[in-house]
Colleague: 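Take a look at the following structure, please.
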Amino acid sequence: MTSAEPPPAAPRGAPDHVAPRGGPDHVAPRGAPDPASPHGAPDPVAPRAGIVFAVGVVAVDAMGIGLAMPVIPELLREISGLSTAQAAPWGGWMVFAYAAAMFLCGPLLGDLSDRFGRRPVLIAALATLSLDYLIAAAAQSLWLLILARAVAGMAGATYSTAAAYVADVTPPEKRAAAFGWIGGGFGVGFVAGPALGGLLATLGPRAPFLAAAGLCLAAALAGLIWLPESLPADRRRAFSWRGANPFPALAEAARLPGIGALLAASAVFMFAFNVYPAIWAFYLIELHGWTAAGVGLSLAAFGLVMGAAQAFGLGWTVARIGMRNTVLMGLAFSVLTLGIYATGPAVWVIFAILPLVAIGDLAPMAMAAMMSARVSDDRQGRLQGVLASLQGLTAALAPPLFAAIFEVFARPGASPRAPGAPFALSAVLALAALVIVALARDRSGGAAETRPAPDPAAAG
């Protein structure tokens, strides 16, 4: 760590102590000269418009994904001539291609943003996504569609790079609230995308892909014109191929003081939370006989509640109980709500506990903010790339497992018949994440260490 002495424990109810770069006991105002920077130069403060743009980029990316969701089954049937059931495995391969590419390329794009800045990576990712959606719109083969989804996963740097951008321009103690706005932007896009995609589907299954291409291109052009760079040249570092490889990058991040337990808990929770995209629609149809329209309504409600909690609830909660307590509270609520869904509750219960589900989803953003506060400025991109890589890995591995469990316990003649069985496993995993965070705290002597960790000697 940067000091032999642990920092004083934060007062009860206050945010966890975060030491600025100038030293553990020095608190410099925003924009004041930083003793740790060359020549005492002032820290650059990007305009509020830059943060707003970063949140908007995430919303546009989520809208682009959501636009295509309602028409993928129809497009698969049109290209292949298969029935819906026969085309479903191809849809699974599309999801796998996207997630696997995100896992492999997340650290690469994070390292590139640490070397060349956030702005060029954001703009290049958006431009690539625009081209990718055009390819998908023109695709005449299933394999070309799968390739297009892989390219989209490779370019999925928008979320992680936007998070690194926000980390560059916000002090650590305010970073959780800023990350919450990013989560809120994703929630808004996730709600608006499927709704608009459903309307555009009346023009044909390829129309939403064209709209998504236009959205991403417009965002790329706007960034080219208006987006300021957030990472000055003196805070950048040399590119490292080792750090761009997801496996060494994960291992290196896990070795950083104060990061390993949070990284493990994040991975376990990401895996658990993937139960929602994996089986939510099947769960509601099997449990209550819902139609596609009803499932779509539930997804819209899900996205609205999640987005509101991330945008408005995370900063408020952290300011009152601290980041660590926010993590523990979120994980505890996740255990509770996943356990309730495992019982196969009534429809009104499913909707009534959505706010509690949203509180549970505060945990990963709070963990990301804690980890961001513990790494140096020139490693923010790598950290966000590692988190994106973990997200891709869990999104690739979790859905097949949850779907298989659902099939075993929900098929005709199953004994016991329990469509909520995948949620039971998710509740156990969320409990494991809670235990990891709680025990890590105990081992540190009760003091949350959130200073930037020194770079490993092997890092490039």
Side-chain angles (χ1 to χ4, degrees), residues 44 46-47 49-62 64-65 98 101-133 150-170 175 178-179 181-182 185-186 189 212-213 215-246 249 253 368 372 375-392 459-460:
I51 298 179
V52 172
F53 184 89
V55 173
V57 163
V58 172
V60 167
D61 188 20
I65 296 171
Y98 182 93
M102 179 181 288
F103 165 69
L104 292 173
C105 297
L108 169 64
L109 294 170
D111 263 36
L112 287 174
S113 76
D114 281 342
R115 172 63 183 89
F116 299 105
R118 319 300 183 202
R119 181 177 181 271
V121 173
L122 273 173
I123 293 171
L126 287 166
T128 301
L129 283 171
S130 179
L131 178 60
D132 175 75
Y133 285 125
V151 173
M154 292 168 62
T158 48
Y159 194 101
S160 59
T161 309
Y165 188 106
V166 169
D168 292 337
V169 299
T170 54
R175 208 163 283 165
F179 282 0
W181 280 102
I182 293 178
F186 187 89
L215 268 176
C216 291
L217 179 60
L221 292 176
L224 197 61
I225 297 171
W226 290 301
L227 182 65
E229 177 56 63
S230 64
L231 187 67
D234 63 341
R235 291 189 183 178
R236 299 179 190 178
R237 61 180 177 81
F239 178 80
S240 165
W241 280 109
R242 174 179 172 79
N245 184 318
S372 176
V375 301
S376 57
D377 292 339
D378 63 355
R379 289 252 182 325
Q380 292 294 332
R382 177 173 291 183
L383 172 64
Q384 298 302 329
V386 164
L387 292 175
S389 185
L390 277 179
Q391 185 178 16

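Hydrogens, waters and symmetry mates are skipped; everything else that's a heavy atom, side chains included, is used.
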Colleague: In Å and rounded to the nearest 0.5 Å, what is the CD1 to CD1 distance from I225 to I123?
Modeller: 9.5 Å
Colleague: Which atom pair, heavy atoms only, marks the closest approach of A101 to A150?
Modeller: CB-O, 3.1 Å
Colleague: Provide the closest heavy-atom pair for T170 versus A178 in the form atom of the first, atom of the second, distance.
Modeller: CG2-CB, 4.0 Å
Colleague: I need the minimum non-hydrogen distance between G185 and V58, along with the two atoms involved.
Modeller: C-CG1, 4.4 Å
Colleague: Test your reading of the model: is there a side-chain donor-acceptor pair from R115 to the backbone of R236, 3.5 Å cut-off?
Modeller: no
Colleague: For a 4.5 angstrom cut-off between non-hydrogen side-chain atoms, does R119 reach L224?
Modeller: yes
Colleague: Any side-chain heavy-atom pair from E229 and P120 closer than 4.5 angstrom?
Modeller: yes
Colleague: Considering residues at least two apart in sequence or located in another chain, which fulfil the side-chain contact (heavy atoms from CB on, under 4.5 Å) criterion with A218?
Modeller: none
Colleague: What's the shortest heavy-atom distance between Y165 and A54, and which atoms?
Modeller: CD2-CB, 4.3 Å
Colleague: Which pair of non-hydrogen atoms, one from I182 and one from A163, has the smallest distance, and what is that distance?
Modeller: CD1-CA, 3.5 Å
Colleague: List the steps and the verdict of side chain to side chain contact (heavy atoms under 4.5 Å, CB included) for L383 and S372.
Modeller: CA-CA 7 Å; L383 172 64; S372 176; 4.2 Å; yes
Colleague: Of all heavy-atom pairs between C216 and L126, which one has the smallest distance, and what is that distance?
Modeller: CB-O, 3.6 Å
Colleague: How would you list, by chain and number, every residue that makes a salt bridge (charged side-chain N to carboxylate O under 4.0 Å, His left out) with D114, sequence neighbours excluded?
Modeller: R118, R237
Colleague: Quick one: pull up OH in Y133 and OG1 in T128 and give me the separation to the nearest 0.5 Å.
Modeller: 12.0 Å
Colleague: May I have the step-by-step check of side chain to side chain contact (heavy atoms under 4.5 Å, CB included) for I51 and W181, ending in yes or no?
Modeller: CA-CA 9 Å; I51 298 179; W181 280 102; 5.9 Å; no
